[in-house]
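Taking it in order: structure first as structure tokens, then the write-up.
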Amino acid sequence: MAKKQVIAIFISCIILFNSISLSYSEYVWSASSETSSNIGDTQAVASIITGENIEENNSLNLECGSAILIEQTTGQILYSHNVHEQLRPASVTKVMSILLIMEQISSGRLTYETKISCSSNAASMGGSQIWLDTTEKLSVDEMLRAICISSANDCVMAMAEHISGTEEEFVKLMNEKAKQLGMNDTTFKNCHGLDEDGHVTSSYDISLMSRELLTKYPEITKYTSTYMDSLRDGKSELVNTNKLVRNYEGCTGLKTGSTGLALYNVSASATRDGLSLIAVIMKGPTSQKRFDEAEKLLDYGFNTFEYKEFATKGDKLKNIDVSKGIYPTVEGIFENNVGVLIQKGQSSQVTQTVTLEENISAPIVEGQKLGEVTYSVGDEKLLSINIIAKDEVKKMNVFTMLIKIYSKWGNMLR
């Protein structure tokens, strides 16, 4: 009996192996079907907001010199008013300085515990400050609290000198980063925003660097959303210059600025129900008016639009059949987060289409593209997101087939 079983297993193994060999077709990864909708490598986003939806005629009757409202995830402009007019940014300049500080922390060149000394140059800064002394050292964490909450010019100067040696060299980094981000209306002359001829930007460019900071380093909102704090064992009180942090639901920051020439500016960010917005006001006539108009922009955005997330990175789509593998299926998962910016009430118009590669065969490597999901409204394609293999699936060979067949026969004979 045992001898007959062995012979049967051997014959079955030969037949199965030959049939697999004859039907084998090489898996082809189609590069042409890869999506170009990804932001970085973390999410795929799209918008069905068209020019017809975007307010560009100052329908909100804003009194400021320039204004813009964007959605943070997609970067979609939702409202614009003189967005490329070059104006003085005042302390909103510090958004770029903070961005470069966060890059230093991310790269490991700085830590939150790194102690920063104060030069006589930094100590002599005017405007908003915490009165740094050349004999004291504050940590990067303390410096960020002072910069983000109280807009401390002395602290941002001390950070610039620590990172680049001189303010001039740091400003070079600021302008290089501005160029990378497409901030074509911007020229930085200093790291703090005090009035200086030629130190200009636009509401559009401020929205770009604000979005970069919030998207790449969301942890910054730990500082920018704090209304009150203190330093030096409670001896130095910090009160946020951005009153929206205290008064506007969902406000996450971001930065205010004002001088006699710039008048009143703010880059205001807020998140509600998964929708994140950035409103920029430049050359507001009064301090309160800039906050009122930023609030008006944010209200318009939250009342009109929504961000619909369809999947999160790593979510399972389905088990996908695999031929010639040691496992019959592989779990297909979303490569990135995927969502769409829409007008409120339009989510039912978005359709999903799943397309899988033909003849998916082992070997499959972890992360290999297996297909894609496309989101559309009518005939208009919004975006596509790759479906990838969650795990590796090795190709079946004679040895693994023998084990598999023997296991099946063993179960049958029990």
Side-chain angles (χ1 to χ4, degrees), residues 39-40 42-43 45 68-76 78 89 91-107 110-113 128 138-152 155-156 159 177 181 193 203 206-231 237-257 265-281 290-291 294-295 297-299 301-302 305 307 309 312 337 339 341:
I39 292 181
T42 59
Q43 53 194 330
V45 295
I68 192 170
L69 175 71
I70 69 168
E71 196 278 321
Q72 183 182 310
T73 306
T74 61
Q76 172 71 55
L78 305 178
S91 280
V92 180
T93 298
K94 294 185 178 78
V95 172
M96 179 59 80
S97 299
I98 295 167
L99 175 58
L100 294 180
I101 293 169
M102 296 305 293
E103 286 187 348
Q104 291 283 313
I105 294 171
S106 178
S107 68
L110 281 179
T111 71
Y112 289 105
E113 294 75 34
S128 302
L138 296 184
S139 68
V140 170
D141 172 74
E142 292 171 314
M143 289 287 189
L144 281 171
R145 284 153 62 188
I147 295 167
C148 295
I149 300 172
S150 292
S151 195
C155 291
V156 77
M159 289 299 309
K177 189 66 179 181
L181 296 177
S203 60
I206 289 174
S207 75
L208 291 181
M209 66 178 179
S210 298
R211 178 177 178 241
E212 180 78 1
L213 176 60
L214 290 166
T215 303
K216 291 287 184 65
Y217 307 105
E219 61 270 26
I220 197 63
T221 58
K222 166 188 172 183
Y223 302 97
T224 59
S225 63
T226 298
Y227 184 65
M228 293 187 69
D229 202 347
S230 64
L231 296 174
E237 185 178 77
L238 305 176
V239 179
N240 205 316
T241 55
N242 183 2
K243 306 312 176 188
L244 295 174
V245 169
R246 186 178 187 181
N247 302 323
Y248 193 80
E249 179 189 352
C251 184
T252 58
L254 184 63
K255 192 70 198 71
T256 61
N265 305 328
V266 64
S267 177
S269 57
T271 298
R272 293 182 186 174
D273 300 322
L275 178 64
S276 295
L277 302 176
I278 299 170
V280 179
I281 300 293
R290 68 175 160 185
F291 295 128
E295 188 171 335
L297 278 180
L298 292 170
D299 283 346
F302 287 124
F305 307 100
Y307 182 74
E309 186 172 81
T312 301
N337 299 337
L341 177 66

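Note that the coordinates shown come from a computational prediction; the quantities given were computed from them, not determined experimentally. Along the sequence shown, residues carry numbers from 1.
- Side-chain contact between E212 and K177 is present, with at least one heavy-atom pair separated by less than 4.5 Å.
- If you check the side chains of S151 and T241, you find no donor sitting under 3.5 Å from an acceptor.
- Within the 4.5 Å cutoff, no side-chain heavy atoms of L254 are placed close to those of I278.
- Atom CD in Q72 sits 9.0 Å away from atom CG in L213 (nearest 0.5 Å).
- Residues I147 and Y223 fail the side-chain proximity criterion, which asks for heavy atoms closer than 4.5 Å.
- The minimum heavy-atom distance between A279 and L69, with the atom names listed, is CB-CD1, 4.0 Å.
- N242 places no side-chain N or O within donor-acceptor distance of the main-chain N or O of T256, the cut-off being under 3.5 Å.
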From CA spacing to verdict: side-chain contact (heavy atoms from CB on, under 4.5 Å), L110, M159: CA-CA 11 Å; L110 281 179; M159 289 299 309; 3.8 Å; yes
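- A donor-acceptor pair under 3.5 Å links the side-chain atoms of S269 to the main chain of G253, judged by distance alone.
- Across K94, R145, M143, E142, a single residue satisfies side chain to side chain contact (heavy atoms under 4.5 Å, CB included) together with C155, and that is M143.
- Of the possible donor and acceptor atoms, none in the side chain of R272 sits under 3.5 Å from a partner among the backbone N and O of C251.
- Taking the side chain as every heavy atom from C-beta outward, V266 and V92 never approach each other to under 4.5 Å.
- Rounding to the nearest 0.5 angstrom, the gap separating the CG atom in L214 from the CD1 atom in I220 is 9.0 Å.
- Counting only heavy atoms from C-beta outward, the side chains of M102 and L144 approach each other to under 4.5 Å.
- Using a distance-only test at 3.5 Å, with no hydrogens or angles considered, a donor-acceptor pair links the side chain of R290 to the main chain of G257.
- Atom CG of L208 sits about 7.5 Å away from atom CD1 of I68, to the nearest 0.5 Å.
- Shortest non-hydrogen contact noted between V245 and T226 is CG1-C, 4.0 Å.
- The heavy-atom pair separating S106 from Y217 by the smallest distance is CB-CE2, 3.7 Å.
- Heavy-atom minimum distance, T215 versus P218: O-CD, 3.7 Å.
- For the pair V140 and T111, the minimum side-chain heavy-atom distance is 4.5 Å or more.
- Between L99 and M96 the shortest side-chain heavy-atom distance falls below 4.5 Å.
- In this structure, the side chain of D141 does not engage the main chain of Y112 through any donor-acceptor pair within 3.5 Å.
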For V156 and I98: C-alpha separation, side-chain torsions, deciding distance, then whether side-chain contact (heavy atoms from CB on, under 4.5 Å) applies. CA-CA 8 Å; V156 77; I98 295 167; over 6 Å; no
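- Remark: I149 CD1 to D229 CG distance equals 4.5 Å, nearest 0.5 Å.
- Taking CG of L297 as the start and CD1 of I70 as the end, the distance is 11.5 Å to the nearest 0.5 Å.
- Contact detail for L244 and A268: the closest heavy-atom pair is CD1-CB, 3.6 Å.
- Counting only N and O atoms by type, the side chains of D299 and Y248 include a donor and acceptor under 3.5 Å apart.
- A donor-acceptor distance shorter than 3.5 angstrom exists from the side chain of N265 to the backbone of P89, with no hydrogens or angles considered.
- Annotation: the span from S139 atom OG to L231 atom CG amounts to 8.5 Å, rounded to 0.5 Å.
- The closest side-chain heavy-atom distance from L277 to L78 is below 4.5 Å.
- The salt bridge (charged side-chain N to carboxylate O under 4.0 Å, His left out) check on E71 picks up nothing, with sequence neighbours excluded.
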Using the rule given for side-chain contact (heavy atoms from CB on, under 4.5 Å), can you reason through F302 versus D273, listing the C-alpha separation, both sets of side-chain angles and the distance that settles it, and then say yes or no? CA-CA 9 Å; F302 287 124; D273 300 322; over 6 Å; no
